[in-house]
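So the structure is just underneath, and the comments pick up after that.
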Amino acid sequence: MNKHSMLKAVAGVGVLALGIGLAGCSGDRTGNAGGGEQESGGIIGVAMPTQQSERWIADGNNVKSQLEELGYTVDLQYANDDIPTQVSQIENMISSGANALIVASIDGTTLTDVLQQAADNNIPVIAYDRLINGTENVDYYTTFDNFQVGVQQATSLLTGLGVLDASGNETGATGPFNVELFAGSPDDNNATFFWNGAMETLKPYMDSGVIVVPSGQTEFGQAAILRWLPETAQERMENILTVIGDTKLNGVLSPYDGLSIGIISALTSGGYAANALPVITGQDAEVGSIKSIIAGEQYSTIFKDTRELAKQAVSMVDDIRKGEEPEVNDTETYDNGEKVVPSYLLESTIVTKDNYKEILLDSGYYTEADLG
(Lines give C-alpha, C1' and ligand atoms only; values in the text may rest on other atoms or scores of the structure.)
Protein backbone atom coordinates (compact mmCIF):
# COMPACT_ATOMS: atom_id res chain seq x y z
CA MET A 1 0.00 0.00 0.00
CA ASN A 2 1.17 3.53 -0.71
CA LYS A 3 1.76 5.71 2.33
CA HIS A 4 0.64 9.31 2.14
CA SER A 5 1.62 12.28 4.25
CA MET A 6 -0.99 13.90 6.41
CA LEU A 7 -3.13 16.43 4.60
CA LYS A 8 -4.74 19.51 6.15
CA ALA A 9 -8.46 19.95 5.59
CA VAL A 10 -9.49 23.08 3.74
CA ALA A 11 -12.87 24.22 4.96
CA GLY A 12 -15.46 24.83 2.29
CA VAL A 13 -13.47 23.40 -0.63
CA GLY A 14 -16.25 20.93 -1.46
CA VAL A 15 -18.91 23.62 -1.64
CA LEU A 16 -16.64 25.77 -3.80
CA ALA A 17 -15.98 22.88 -6.17
CA LEU A 18 -19.68 22.13 -6.50
CA GLY A 19 -20.54 25.77 -7.08
CA ILE A 20 -18.04 26.11 -9.87
CA GLY A 21 -19.22 22.84 -11.40
CA LEU A 22 -22.83 23.98 -11.40
CA ALA A 23 -21.73 27.18 -13.07
CA GLY A 24 -20.73 25.12 -16.07
CA CYS A 25 -16.93 25.21 -15.76
CA SER A 26 -15.00 22.17 -16.93
CA GLY A 27 -13.57 19.79 -14.33
CA ASP A 28 -10.93 17.10 -14.14
CA ARG A 29 -12.60 14.18 -12.25
CA THR A 30 -10.50 14.82 -9.18
CA GLY A 31 -13.30 16.54 -7.29
CA ASN A 32 -11.74 19.89 -8.20
CA ALA A 33 -13.28 22.14 -10.83
CA GLY A 34 -11.26 23.90 -13.50
CA GLY A 35 -8.43 21.38 -13.83
CA GLY A 36 -5.95 23.55 -11.92
CA GLU A 37 -3.64 22.75 -9.04
CA GLN A 38 -5.00 19.99 -6.81
CA GLU A 39 -6.57 20.85 -3.48
CA SER A 40 -5.67 19.05 -0.26
CA GLY A 41 -8.33 17.75 2.11
CA GLY A 42 -11.98 18.05 1.22
CA ILE A 43 -15.24 16.24 1.80
CA ILE A 44 -15.55 12.54 0.99
CA GLY A 45 -18.97 10.90 0.81
CA VAL A 46 -19.01 7.27 1.94
CA ALA A 47 -22.18 5.32 1.13
CA MET A 48 -22.48 1.92 2.80
CA PRO A 49 -25.36 -0.53 2.23
CA THR A 50 -26.45 -1.55 5.73
CA GLN A 51 -25.72 -1.65 9.43
CA GLN A 52 -27.44 -5.03 9.75
CA SER A 53 -24.13 -6.75 8.99
CA GLU A 54 -21.19 -6.17 11.32
CA ARG A 55 -18.74 -6.31 8.45
CA TRP A 56 -20.26 -3.19 6.83
CA ILE A 57 -20.07 -1.35 10.14
CA ALA A 58 -16.39 -2.27 10.28
CA ASP A 59 -15.89 -1.14 6.68
CA GLY A 60 -17.53 2.21 7.31
CA ASN A 61 -15.55 2.82 10.47
CA ASN A 62 -12.27 1.83 8.84
CA VAL A 63 -12.80 4.04 5.80
CA LYS A 64 -13.89 6.98 7.92
CA SER A 65 -11.03 6.79 10.39
CA GLN A 66 -8.39 6.37 7.70
CA LEU A 67 -9.73 9.30 5.67
CA GLU A 68 -9.83 11.48 8.76
CA GLU A 69 -6.22 10.58 9.52
CA LEU A 70 -5.35 12.14 6.15
CA GLY A 71 -7.26 15.31 6.97
CA TYR A 72 -10.49 14.67 5.08
CA THR A 73 -13.99 15.45 6.29
CA VAL A 74 -16.16 12.33 5.97
CA ASP A 75 -19.90 12.06 5.33
CA LEU A 76 -20.61 8.40 6.19
CA GLN A 77 -24.13 7.13 5.52
CA TYR A 78 -25.81 3.72 5.82
CA ALA A 79 -28.92 2.96 3.76
CA ASN A 80 -30.09 -0.17 5.62
CA ASP A 81 -30.55 -2.06 2.35
CA ASP A 82 -33.11 0.42 1.00
CA ILE A 83 -32.22 1.48 -2.56
CA PRO A 84 -34.13 4.81 -2.64
CA THR A 85 -32.48 5.75 0.65
CA GLN A 86 -29.03 5.11 -0.76
CA VAL A 87 -29.79 7.12 -3.90
CA SER A 88 -31.06 9.99 -1.76
CA GLN A 89 -28.00 9.84 0.48
CA ILE A 90 -25.66 10.07 -2.50
CA GLU A 91 -27.67 12.96 -3.94
CA ASN A 92 -27.30 14.78 -0.63
CA MET A 93 -23.55 14.10 -0.61
CA ILE A 94 -23.26 15.66 -4.06
CA SER A 95 -25.35 18.70 -3.18
CA SER A 96 -23.43 19.14 0.08
CA GLY A 97 -20.15 19.49 -1.80
CA ALA A 98 -18.52 16.07 -1.75
CA ASN A 99 -15.18 16.01 -3.57
CA ALA A 100 -15.23 12.23 -4.06
CA LEU A 101 -17.54 9.30 -3.40
CA ILE A 102 -16.82 5.82 -2.05
CA VAL A 103 -19.89 3.68 -2.71
CA ALA A 104 -20.70 0.15 -1.57
CA SER A 105 -23.94 -0.29 -3.49
CA ILE A 106 -27.04 -2.15 -2.39
CA ASP A 107 -27.95 -2.91 -5.99
CA GLY A 108 -25.17 -2.16 -8.44
CA THR A 109 -27.63 -1.48 -11.27
CA THR A 110 -29.64 1.33 -9.67
CA LEU A 111 -27.18 4.21 -9.40
CA THR A 112 -26.85 5.31 -13.02
CA ASP A 113 -28.77 8.57 -12.69
CA VAL A 114 -27.25 9.72 -9.42
CA LEU A 115 -23.73 8.93 -10.61
CA GLN A 116 -24.41 11.00 -13.71
CA GLN A 117 -25.02 13.86 -11.28
CA ALA A 118 -21.64 13.12 -9.75
CA ALA A 119 -19.99 13.14 -13.15
CA ASP A 120 -21.69 16.43 -14.07
CA ASN A 121 -20.00 17.90 -10.99
CA ASN A 122 -16.65 16.26 -11.72
CA ILE A 123 -16.84 14.06 -8.62
CA PRO A 124 -14.83 10.82 -8.92
CA VAL A 125 -16.43 7.58 -7.76
CA ILE A 126 -14.79 4.55 -6.16
CA ALA A 127 -16.89 1.37 -6.13
CA TYR A 128 -16.23 -0.35 -2.81
CA ASP A 129 -16.33 -4.17 -2.74
CA ARG A 130 -19.45 -4.27 -4.93
CA LEU A 131 -19.17 -3.38 -8.59
CA ILE A 132 -21.46 -0.59 -9.82
CA ASN A 133 -22.96 -1.65 -13.14
CA GLY A 134 -24.45 0.06 -16.16
CA THR A 135 -22.59 3.38 -15.96
CA GLU A 136 -19.38 4.90 -17.26
CA ASN A 137 -19.26 7.12 -14.19
CA VAL A 138 -17.37 4.81 -11.87
CA ASP A 139 -13.65 5.48 -11.92
CA TYR A 140 -12.13 2.65 -9.89
CA TYR A 141 -13.13 -0.49 -8.03
CA THR A 142 -11.50 -2.06 -4.99
CA THR A 143 -12.48 -5.49 -3.79
CA PHE A 144 -11.20 -8.97 -3.10
CA ASP A 145 -10.62 -11.65 -5.71
CA ASN A 146 -14.23 -12.76 -5.50
CA PHE A 147 -13.92 -15.75 -7.84
CA GLN A 148 -11.09 -17.00 -5.62
CA VAL A 149 -13.31 -16.48 -2.56
CA GLY A 150 -15.75 -18.96 -4.11
CA VAL A 151 -12.91 -21.37 -4.84
CA GLN A 152 -11.82 -21.11 -1.20
CA GLN A 153 -15.35 -21.74 0.07
CA ALA A 154 -15.67 -24.87 -2.05
CA THR A 155 -12.18 -26.02 -1.15
CA SER A 156 -12.88 -25.68 2.57
CA LEU A 157 -16.12 -27.62 2.08
CA LEU A 158 -14.24 -30.43 0.34
CA THR A 159 -11.59 -30.42 3.08
CA GLY A 160 -14.23 -30.58 5.80
CA LEU A 161 -15.90 -33.51 4.03
CA GLY A 162 -12.56 -35.32 3.79
CA VAL A 163 -12.46 -35.28 -0.01
CA LEU A 164 -9.32 -33.14 0.17
CA ASP A 165 -6.61 -33.22 2.82
CA ALA A 166 -5.13 -30.16 4.52
CA SER A 167 -2.69 -29.71 1.62
CA GLY A 168 -5.48 -29.73 -0.96
CA ASN A 169 -4.72 -33.20 -2.27
CA GLU A 170 -7.46 -35.70 -3.00
CA THR A 171 -7.85 -38.39 -0.35
CA GLY A 172 -9.67 -40.91 -2.52
CA ALA A 173 -12.93 -40.50 -0.59
CA THR A 174 -15.82 -41.32 -2.89
CA GLY A 175 -18.84 -40.47 -0.75
CA PRO A 176 -21.42 -39.92 -1.90
CA PHE A 177 -21.69 -36.80 0.24
CA ASN A 178 -25.04 -35.02 0.40
CA VAL A 179 -24.52 -31.26 0.02
CA GLU A 180 -26.93 -28.37 -0.41
CA LEU A 181 -25.91 -25.15 -2.16
CA PHE A 182 -26.63 -21.53 -1.22
CA ALA A 183 -25.77 -18.39 -3.19
CA GLY A 184 -25.73 -14.70 -2.39
CA SER A 185 -28.03 -11.89 -3.42
CA PRO A 186 -28.76 -11.76 -7.17
CA ASP A 187 -28.49 -7.95 -7.17
CA ASP A 188 -24.92 -8.12 -5.82
CA ASN A 189 -22.38 -8.56 -8.61
CA ASN A 190 -20.03 -10.37 -6.21
CA ALA A 191 -22.53 -13.16 -5.61
CA THR A 192 -22.08 -14.57 -9.10
CA PHE A 193 -18.30 -14.50 -8.75
CA PHE A 194 -18.53 -16.43 -5.45
CA TRP A 195 -20.94 -18.91 -7.03
CA ASN A 196 -18.89 -19.42 -10.20
CA GLY A 197 -15.68 -19.96 -8.27
CA ALA A 198 -17.34 -22.48 -5.97
CA MET A 199 -19.18 -24.33 -8.72
CA GLU A 200 -16.10 -24.61 -10.94
CA THR A 201 -14.37 -26.27 -7.98
CA LEU A 202 -17.28 -28.55 -7.04
CA LYS A 203 -18.47 -29.53 -10.52
CA PRO A 204 -16.01 -32.39 -11.11
CA TYR A 205 -17.08 -33.98 -7.84
CA MET A 206 -20.75 -33.46 -8.64
CA ASP A 207 -20.26 -34.97 -12.11
CA SER A 208 -18.49 -38.02 -10.64
CA GLY A 209 -21.13 -38.55 -7.96
CA VAL A 210 -18.80 -37.85 -5.02
CA ILE A 211 -21.10 -34.91 -4.18
CA VAL A 212 -24.86 -35.18 -4.54
CA VAL A 213 -27.37 -32.34 -4.14
CA PRO A 214 -30.47 -34.09 -2.71
CA SER A 215 -32.87 -31.22 -3.48
CA GLY A 216 -31.70 -31.04 -7.08
CA GLN A 217 -31.39 -27.26 -6.72
CA THR A 218 -28.10 -26.61 -8.48
CA GLU A 219 -28.78 -23.36 -10.34
CA PHE A 220 -27.81 -19.92 -9.07
CA GLY A 221 -31.40 -18.66 -9.28
CA GLN A 222 -32.60 -21.51 -7.06
CA ALA A 223 -29.86 -21.03 -4.49
CA ALA A 224 -29.76 -17.20 -4.36
CA ILE A 225 -30.77 -15.38 -1.17
CA LEU A 226 -32.03 -11.85 -1.85
CA ARG A 227 -30.29 -9.13 0.22
CA TRP A 228 -28.21 -11.82 1.94
CA LEU A 229 -30.90 -12.11 4.65
CA PRO A 230 -30.29 -14.79 7.31
CA GLU A 231 -34.02 -15.34 7.82
CA THR A 232 -34.47 -16.05 4.11
CA ALA A 233 -31.64 -18.58 4.21
CA GLN A 234 -33.19 -20.19 7.27
CA GLU A 235 -36.56 -20.46 5.51
CA ARG A 236 -34.98 -21.99 2.41
CA MET A 237 -33.04 -24.51 4.49
CA GLU A 238 -36.22 -25.46 6.34
CA ASN A 239 -37.98 -26.00 2.99
CA ILE A 240 -35.09 -28.12 1.73
CA LEU A 241 -35.22 -30.31 4.82
CA THR A 242 -38.91 -30.88 4.18
CA VAL A 243 -38.23 -31.81 0.54
CA ILE A 244 -35.36 -34.22 1.22
CA GLY A 245 -37.02 -35.92 4.17
CA ASP A 246 -34.79 -38.39 6.04
CA THR A 247 -31.77 -37.79 3.80
CA LYS A 248 -28.86 -36.81 6.02
CA LEU A 249 -26.81 -33.80 4.90
CA ASN A 250 -23.04 -33.91 5.03
CA GLY A 251 -22.36 -30.35 3.93
CA VAL A 252 -23.80 -26.96 3.03
CA LEU A 253 -22.09 -24.43 0.78
CA SER A 254 -22.89 -21.04 2.32
CA PRO A 255 -21.36 -17.88 0.83
CA TYR A 256 -21.79 -15.62 3.89
CA ASP A 257 -21.68 -15.99 7.67
CA GLY A 258 -25.09 -14.39 8.15
CA LEU A 259 -26.63 -17.05 5.92
CA SER A 260 -24.67 -19.73 7.76
CA ILE A 261 -26.24 -18.70 11.06
CA GLY A 262 -29.71 -18.95 9.52
CA ILE A 263 -28.85 -22.32 8.00
CA ILE A 264 -27.61 -23.63 11.35
CA SER A 265 -30.83 -22.47 13.03
CA ALA A 266 -32.88 -24.42 10.50
CA LEU A 267 -30.73 -27.53 10.90
CA THR A 268 -30.83 -27.56 14.71
CA SER A 269 -34.58 -26.97 14.63
CA GLY A 270 -34.83 -29.79 12.11
CA GLY A 271 -33.21 -32.37 14.35
CA TYR A 272 -29.48 -31.98 13.84
CA ALA A 273 -27.42 -31.88 17.03
CA ALA A 274 -25.27 -28.76 17.43
CA ASN A 275 -22.16 -30.94 17.69
CA ALA A 276 -23.07 -33.06 14.67
CA LEU A 277 -23.91 -30.51 12.00
CA PRO A 278 -22.97 -30.80 8.32
CA VAL A 279 -19.80 -29.07 7.14
CA ILE A 280 -20.94 -25.46 6.70
CA THR A 281 -18.89 -22.72 5.03
CA GLY A 282 -19.20 -18.93 5.25
CA GLN A 283 -17.58 -15.58 4.58
CA ASP A 284 -16.56 -12.38 6.40
CA ALA A 285 -15.31 -13.87 9.67
CA GLU A 286 -18.10 -12.24 11.69
CA VAL A 287 -17.89 -12.61 15.46
CA GLY A 288 -20.96 -14.83 15.71
CA SER A 289 -19.61 -17.25 13.16
CA ILE A 290 -16.11 -17.33 14.64
CA LYS A 291 -17.72 -18.26 17.97
CA SER A 292 -19.71 -20.91 16.09
CA ILE A 293 -16.51 -22.25 14.51
CA ILE A 294 -14.81 -22.39 17.92
CA ALA A 295 -17.84 -24.29 19.24
CA GLY A 296 -17.57 -26.84 16.43
CA GLU A 297 -20.78 -25.81 14.63
CA GLN A 298 -19.85 -23.81 11.52
CA TYR A 299 -16.80 -25.35 9.86
CA SER A 300 -15.13 -22.43 8.06
CA THR A 301 -15.35 -18.84 6.92
CA ILE A 302 -13.44 -16.66 4.49
CA PHE A 303 -11.58 -13.76 6.11
CA LYS A 304 -11.49 -10.55 4.09
CA ASP A 305 -9.47 -7.96 6.00
CA THR A 306 -11.65 -4.84 5.83
CA ARG A 307 -8.76 -2.77 7.18
CA GLU A 308 -6.83 -3.46 3.99
CA LEU A 309 -9.87 -2.90 1.77
CA ALA A 310 -10.49 0.45 3.42
CA LYS A 311 -6.83 1.34 3.07
CA GLN A 312 -6.96 0.70 -0.68
CA ALA A 313 -10.12 2.76 -1.18
CA VAL A 314 -8.67 5.62 0.85
CA SER A 315 -5.42 5.44 -1.10
CA MET A 316 -7.36 5.65 -4.37
CA VAL A 317 -9.26 8.73 -3.23
CA ASP A 318 -6.12 10.40 -1.96
CA ASP A 319 -4.25 9.72 -5.19
CA ILE A 320 -7.10 11.11 -7.28
CA ARG A 321 -7.35 14.21 -5.12
CA LYS A 322 -3.62 14.82 -5.59
CA GLY A 323 -3.85 14.32 -9.36
CA GLU A 324 -1.99 11.00 -9.24
CA GLU A 325 -2.90 7.67 -10.83
CA PRO A 326 -4.26 5.14 -8.29
CA GLU A 327 -2.62 1.73 -8.15
CA VAL A 328 -4.59 -1.11 -9.79
CA ASN A 329 -3.77 -4.76 -10.45
CA ASP A 330 -6.68 -5.82 -12.68
CA THR A 331 -7.82 -4.07 -15.87
CA GLU A 332 -9.66 -6.98 -17.49
CA THR A 333 -12.08 -8.75 -15.14
CA TYR A 334 -14.71 -6.26 -14.02
CA ASP A 335 -16.82 -5.20 -16.99
CA ASN A 336 -19.86 -3.32 -15.70
CA GLY A 337 -21.68 -3.30 -19.04
CA GLU A 338 -20.40 0.15 -20.00
CA LYS A 339 -16.68 -0.12 -19.29
CA VAL A 340 -14.04 -2.34 -17.77
CA VAL A 341 -13.47 -0.69 -14.40
CA PRO A 342 -9.82 -0.50 -13.31
CA SER A 343 -9.63 -2.54 -10.11
CA TYR A 344 -7.46 -3.48 -7.19
CA LEU A 345 -8.03 -7.02 -5.91
CA LEU A 346 -7.02 -8.11 -2.41
CA GLU A 347 -6.43 -11.65 -1.16
CA SER A 348 -8.63 -13.57 1.27
CA THR A 349 -7.93 -16.44 3.68
CA ILE A 350 -9.76 -19.60 4.74
CA VAL A 351 -10.35 -19.61 8.51
CA THR A 352 -11.16 -22.73 10.54
CA LYS A 353 -10.95 -23.75 14.18
CA ASP A 354 -7.32 -24.74 13.55
CA ASN A 355 -6.03 -21.32 12.44
CA TYR A 356 -8.42 -18.63 13.71
CA LYS A 357 -6.02 -17.53 16.45
CA GLU A 358 -3.18 -17.02 14.01
CA ILE A 359 -5.30 -15.25 11.37
CA LEU A 360 -7.66 -13.17 13.49
CA LEU A 361 -6.11 -12.72 16.92
CA ASP A 362 -2.42 -12.46 16.10
CA SER A 363 -3.21 -9.88 13.40
CA GLY A 364 -5.17 -7.77 15.89
CA TYR A 365 -8.40 -8.02 13.91
CA TYR A 366 -10.14 -9.41 16.99
CA THR A 367 -9.17 -9.76 20.64
CA GLU A 368 -9.80 -12.72 22.94
CA ALA A 369 -12.49 -10.59 24.62
CA ASP A 370 -14.28 -10.14 21.29
CA LEU A 371 -14.64 -13.89 20.92
CA GLY A 372 -15.25 -14.70 24.58
Side-chain angles (χ1 to χ4, degrees), residues 49-58 80-81 149-150 153-154 156-157 160-161 177-188 190-191 194-195 198 211-218 220-304 350-353 356 360 366 370-372:
T50 182
Q51 288 177 300
Q52 302 306 308
S53 166
E54 66 185 49
R55 77 138 294 188
W56 289 117
I57 296 173
N80 293 320
D81 278 329
V149 169
Q153 289 172 339
S156 67
L157 176 66
L161 291 171
F177 299 100
N178 295 318
V179 173
E180 289 296 336
L181 309 172
F182 282 71
S185 186
D187 55 9
D188 182 348
N190 289 352
F194 302 147
W195 176 262
I211 288 179
V212 175
V213 180
S215 70
Q217 298 178 17
T218 60
F220 176 84
Q222 296 172 307
I225 303 298
L226 184 63
R227 300 282 188 270
W228 301 91
L229 292 174
E231 56 267 32
T232 306
Q234 179 173 342
E235 181 181 3
R236 178 170 183 260
M237 188 76 257
E238 290 169 347
N239 291 337
I240 287 173
L241 292 177
T242 299
V243 168
I244 67 176
D246 294 333
T247 301
K248 197 73 172 177
L249 290 179
N250 306 110
V252 180
L253 177 75
S254 169
Y256 164 53
D257 287 347
L259 304 191
S260 306
I261 296 299
I263 290 164
I264 289 171
S265 294
L267 289 168
T268 54
S269 297
Y272 287 78
N275 62 353
L277 289 165
V279 175
I280 302 169
T281 63
Q283 180 179 187
D284 286 343
E286 294 190 345
V287 168
S289 281
I290 298 303
K291 291 180 177 180
S292 180
I293 288 171
I294 294 169
E297 299 167 349
Q298 185 171 322
Y299 175 74
S300 65
T301 188
I302 306 301
F303 174 53
K304 297 158 63 176
I350 298 172
V351 172
T352 66
K353 190 174 183 178
Y356 80 91
L360 300 176
Y366 290 133
D370 293 328
L371 305 179

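One is the number of the first residue; the rest follow in order along the sequence.
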Determine whether a donor-acceptor pair (N or O, by modelled atom type, separation under 3.5 Å) exists between the side chain of N178 and the backbone of K248.
yes
Determine the minimum heavy-atom distance between P186 and A224, stating which atoms define it.
CD-CB, 3.9 Å
Smallest heavy-atom separation, A233 atom then F182 atom, equals O-CE2, 3.6 Å
Nearest heavy atoms of S215 and E180, plus distance in Å:
OG-OE1, 2.6 Å
Of all residues at least two apart in sequence or in a different chain, which pass the side chain to side chain contact (heavy atoms under 4.5 Å, CB included) check with I294?
I290, Y356, L371
Roughly how far, to the nearest 0.5 Å, is OG of S254 from CD1 of I263?
4.0 Å
Using the test side-chain hydrogen bond (donor to acceptor under 3.5 Å, both in side chains), find all partners of T281 that sit at least two apart in sequence or belong to another chain.
none
When you compare the side chains of E238 and S269, does any donor N or O come within less than 3.5 Å of an acceptor on the partner?
no
Heavy-atom closest contact (V179 atom, P214 atom, distance)
O-CD, 3.6 Å
Considering non-hydrogen atoms only, spot the tightest contact between Y366 and A285 and give its length.
OH-O, 2.6 Å
Residues which pass ring-ring contact (aromatic ring centres under 6.0 Å, His included) with F303, listed by chain and number, not counting sequence neighbours
Y365
Can you tell me how far CD of Q283 sits from CD1 of I350, rounded to the nearest 0.5 angstrom?
11.5 Å
E235 (side chain) donor-acceptor with E231 (main chain) under 3.5 angstrom
no
Among E286, E297, Q298, K353, which one satisfies side chain to side chain donor-acceptor pair (under 3.5 Å) with S292?
E297
Which value, rounded to the nearest 0.5 Å, describes the distance between T50 atom OG1 and R55 atom CZ?
11.5 Å
Closest heavy-atom pair, I293 versus T352, reported as atoms and distance to 0.1 Å, is CG2-C, 3.7 Å
With a 3.5 Å distance limit and no angle check, can you tell me whether T232 reaches the backbone of W228 through a side-chain donor-acceptor pair?
no
